[in-house]
Protein chains: 2
Amino acid sequence: MEGKATIQDVARQAGVSIATVSRVINGQGGVRPKTEARIVQAIEELAYIRNAAARTMKSKATKTIGVVVPDISNPFFPLVMSGIEEKAREQGYIAFLSGTKESTVVEQNVLKSLIERGVDGVILTTADENGQHLTQFIEQDIPLVAVDRSLPHLEVDHVLVDNRKGAYQAIQRLILQGHERIAIICGPLSTTPGRDRLIGYKEALHDFHLSFNEAYVIEGDFSEQSGYDAVGQLYVLEEPPTAIFTCNNLMTTGCLKALDNLQWKLGRDVSVIGFDDIDLATFVQPKLTVVSRPMKALGELAFQLLHERIEMKQAIGKRSYQLSPELIIRESCMLK
Amino acid sequence: MEGKATIQDVARQAGVSIATVSRVINGQGGVRPKTEARIVQAIEELAYIRNAAARTMKSKATKTIGVVVPDISNPFFPLVMSGIEEKAREQGYIAFLSGTKESTVVEQNVLKSLIERGVDGVILTTADENGQHLTQFIEQDIPLVAVDRSLPHLEVDHVLVDNRKGAYQAIQRLILQGHERIAIICGPLSTTPGRDRLIGYKEALHDFHLSFNEAYVIEGDFSEQSGYDAVGQLYVLEEPPTAIFTCNNLMTTGCLKALDNLQWKLGRDVSVIGFDDIDLATFVQPKLTVVSRPMKALGELAFQLLHERIEMKQAIGKRSYQLSPELIIRESCMLK
DNA sequence: GTGAAAGCGCTAACAG
DNA sequence: CTGTTAGCGCTTTCAC
């Protein structure tokens with residue numbers, strides 16, 4: 001019997017009606033033990049596996065969710081994904097994973113593809129926070145939760161990291177060590193993380209009465225290359241910074257490579273604090289001080305919120321969570 | 001109109017029959033332009049999105065695949081996944097991603113879950129190469145391709161890396177530099193990569209007339225911790241090795257941490273070659289020599305093979321590919 | 001306890 | 001060119 005036993009086949013084999021088979025498949029009880037045994041046996045003999053598509057047509061739910069991120073290669077997202085996937089599996093869900101390469105168009109297509117397949121909900125780190133491309137999606141009112149990047153114009157749940165606070169702590173640390181010329185390599189200002197980390201930077205400067213200098217703000221694009229290039233720009237300044245705050249894992253990597261290349265000595269000529277506690281952090285000499293955020297927890301929480309939305313159909317207000325990052329002090333910042 | 005416009009709704013709105021709507025949805029032509037225009041408009045007005053479940057019931061195909069890996073957190077797999085996902089999307093497929101945490105049972109459940117949902121094919125890095133737990137799956141004869149770990153007893157396509165060769169090159173390099181006490185921290189011998197890299201190690205030793213010493217073989221489990229622990233064992237040997245070959249990214253990381261901890265100086269007291277070119281490699285001092293494998297290409301090829309299987313229904317023999325790893329020589333091996 | 005039958009939304013003959 | 005209709009595999013009343 002090849003890969004297509006249906007509930008019909010099982011019913012025939014067990015000598016009962018499909019209704020009865022359906023009952024035992026779904027554990028609804030009300031079936032005589034002997035009958036049930038026959039059915040169970042038939043199921044095994046035929047290696048019957050139920051067909052979710054057919055089931056979906058009646059019950060609506062697919063027990064399937066979509067996870068859409070800008071870049072699968074960036075280690076940050078798989079970590080978030082691992083949190084999502086684990087919780088999802090526990091609840092009998094299974095997750096699609098798609099990368100958009102930061103393209104709004106791809107994001108739109110992926111989302112459409114997901115809707116077609118009837119996902120019960122979606123966890124999204126959008127490529128475009130203004131979210132206009134999502135209207136079509138919203139109309140279908142499928143639960144959606146935004147992770148890491150916000151969707152300010154949409155009534156959806158958010159799971160973010162307190163970026164402002166993380167940046168503030170980093171800069172504060174630097175200031176308290178006596179630095180006054182502090183640069184920030186921040187992410188795209190069109191993204192929440194990009195913007196908020198810059199805000200935290202400014203707030204710290206302001207609170208400690210340090211002046212703000214445009215030249216010390218370089219806007220990268222979260223890529224390693226942009227981190228690398230930014231350091232180059234900083235290095236040739238008349239008054240180069242004595243400390244640099246890099247705003248994500250990849251840019252930190254790029255920054256460190258550039259430093260190495262320029263012989264601009266980490267922890268001696270220049271202090272550095274990175275965002276995200278990457279493997280690398282404990283390997284460079286001196287070890288890197290970083291702002292660490294709980295990636296897996298981010299994913300777990302995101303799934304939990306989504307799951308709640310899926311279960312209780314009634315409308316509840318938009319919910320926002322900001323997980324706290326933690327400053328892990330190591331050796332890459334010297335007293336000035 | 002809320003999220004459930006059907007082909008019926010569209011037909012009514014456009015004043016035609018569902019068959020005609022179906023025709024334009026599927027671009028089959030043979031519809032008068034004016035009619036088509038009316039339908040297209042109706043589709044937009046209703047924000048109609050076709051229902052894959054219903055469609056699947058007729059056509060069978062879901063344009064959906066499953067990707068099952070042992071550990072989502074291990075950066076290796078997301079990289080492979082990115083290759084898969086990109087190619088898949090190009091072909092209109094979308095991929096489920098699941099981690100099994102190296103558990104055969106979880107793998108089985110995940111696979112079942114995937115079959116229920118009608119995936120057209122699966123790309124699998126199995127937790128158990130003997131593959132007995134896969135029989136149920138095979139019966140459904142859904143195309144399957146094994147990546148990174150083989151399934152010797154099954155008639156499925158394989159996409160592997162030439163592990164033997166990669167290890168051989170590494171050990172050869174070490175030997176040519178004069179090392180005679182070379183240790184290997186290998187993966188579980190129950191896995192192809194674990195076994196083959198050890199074989200390459202032995203072959204090189206043999207070819208260069210070096211004796212094989214049990215004590216220099218430590219079997220890890222591909223985790224960072226096991227790499228760390230292995231170094232501890234090696235360090236206390238009466239005659240510690242002068243070179244270590246670590247067999248995957250995580251164990252390399254663990255090894256480097258242990259070295260650092262023991263003050264066993266990389267490149268001076270001990271030479272190291274790692275498997276996989278991780279970020280870390282270029283940051284430790286001295287920079288790490290590694291065997292690098294093309295992860296993304298692995299994923300791309302895997303999807304291509306799977307896709308071919310899905311398309312041409314006729315049976316073709318088992319195909320095996322071994323992509324070549326590359327020895328990237330940096331500074332972590334000194335002349336002996 | 002169990003079965004018959006009505007769809008779920010869509011595709012694909014088959015008619016007209 | 002367009003409409004009618006028969007299922008795809010399953011869940012779910014409603015009878016018996």
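Just so it is clear: chains get the letters A, B, ... in the order the sequence lines come, proteins before strands, and each one is counted from 1.
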*Does B:Arg32 have a side-chain nitrogen or oxygen under 4.0 Å from the phosphate oxygens OP1 or OP2 of D:dT2?*
yes
*Tell me which nucleotide among D:dG7, D:dC10, C:dT2 gets nearest to the side chain of A:Thr20.*
C:dT2
*asked:* Please classify the nucleic acid contact of A:Ile25 as base, sugar-phosphate, or nothing, using heavy-atom distances under 4.0 Å.
replied: nothing
*For B:Met57 and C:dA12, what is the distance between atoms CE and P respectively, to the nearest whole Å?*
14 Å
*Electrostatic pair B:Glu116:A:Arg50 at N-O distance under 4.0 angstrom*: yes
*Hey, does B:Val67 have a side-chain heavy atom less than 4.5 Å from the side chain of B:Val122?*
no
*Nearest-Å distance, CD1 (A:Ile18) to P (D:dC10)?*
8 Å
*Measure from the side-chain heavy atoms of A:Arg23 and tell me the nearest of D:dT13, D:dC10, C:dG9.*
D:dT13
_Tell me the interatomic distance from B:Ile43, atom CD1, to C:dC10, atom P, rounded to whole angstroms._
10 Å
*Starting at atom CD1 of A:Ile7, determine the distance to atom P of D:dC8, rounded to an integer number of angstrom.*
14 Å
*Reckon B:Lys58 has a side-chain N or O less than 4.0 Å from the OP1 or OP2 of D:dT5?*
no
*On DNA chain C, check which nucleotide each of B:Asn26 and A:Gly30 is closest to and give me the residue with the more 5' one.*
A:Gly30
_Under 4.0 Å, counting only non-hydrogen atoms across every strand here, what does A:Thr6 touch: a base, just sugar-phosphate, or nothing?_
sugar-phosphate
*asked:* Less than 4.0 angstrom between a side-chain N/O of B:Thr35 and OP1 or OP2 of D:dT2, yes or no?
replied: yes
*Side chains of B:Ser320 and B:Leu160: does their closest heavy-atom pair fall under 4.5 Å?*
no
*Distance, rounded to the nearest Å, where B:Asn51 contributes CG and D:dC8 contributes C1'*: 13 Å
*asked:* Looking at A:Ser17, I'd like to know whether one of its side-chain N or O atoms comes within less than 4.0 Å of OP1 or OP2 on C:dG3.
replied: yes
*Between A:Phe96 and B:Phe96, what is the ring plane arrangement, given parallel below 30°, perpendicular above 60°, and tilted in between?*
parallel
*Counting heavy atoms from C-beta on, name the nucleotide in C:dC10, D:dT12, D:dG9 closest to the side chain of A:Gln28.*
D:dT12
*For B:Lys4 and C:dG7, what is the distance between atoms NZ and P respectively, to the nearest whole Å?*
19 Å
*Identify the heavy atoms of A:Leu134 and A:Glu107 that sit nearest to each other, and give their distance.*
CD2-OE2, 3.9 Å
*For B:Arg12 and D:dG3, what is the distance between atoms CZ and P respectively, to the nearest whole Å?*
14 Å
_Under 4.0 Å from OP1 or OP2 of C:dG9: is there any side-chain N or O of A:Lys60 that close?_
yes
*asked:* How many whole angstroms separate atom CD of A:Gln8 from atom C1' of D:dT11?
replied: 13 Å
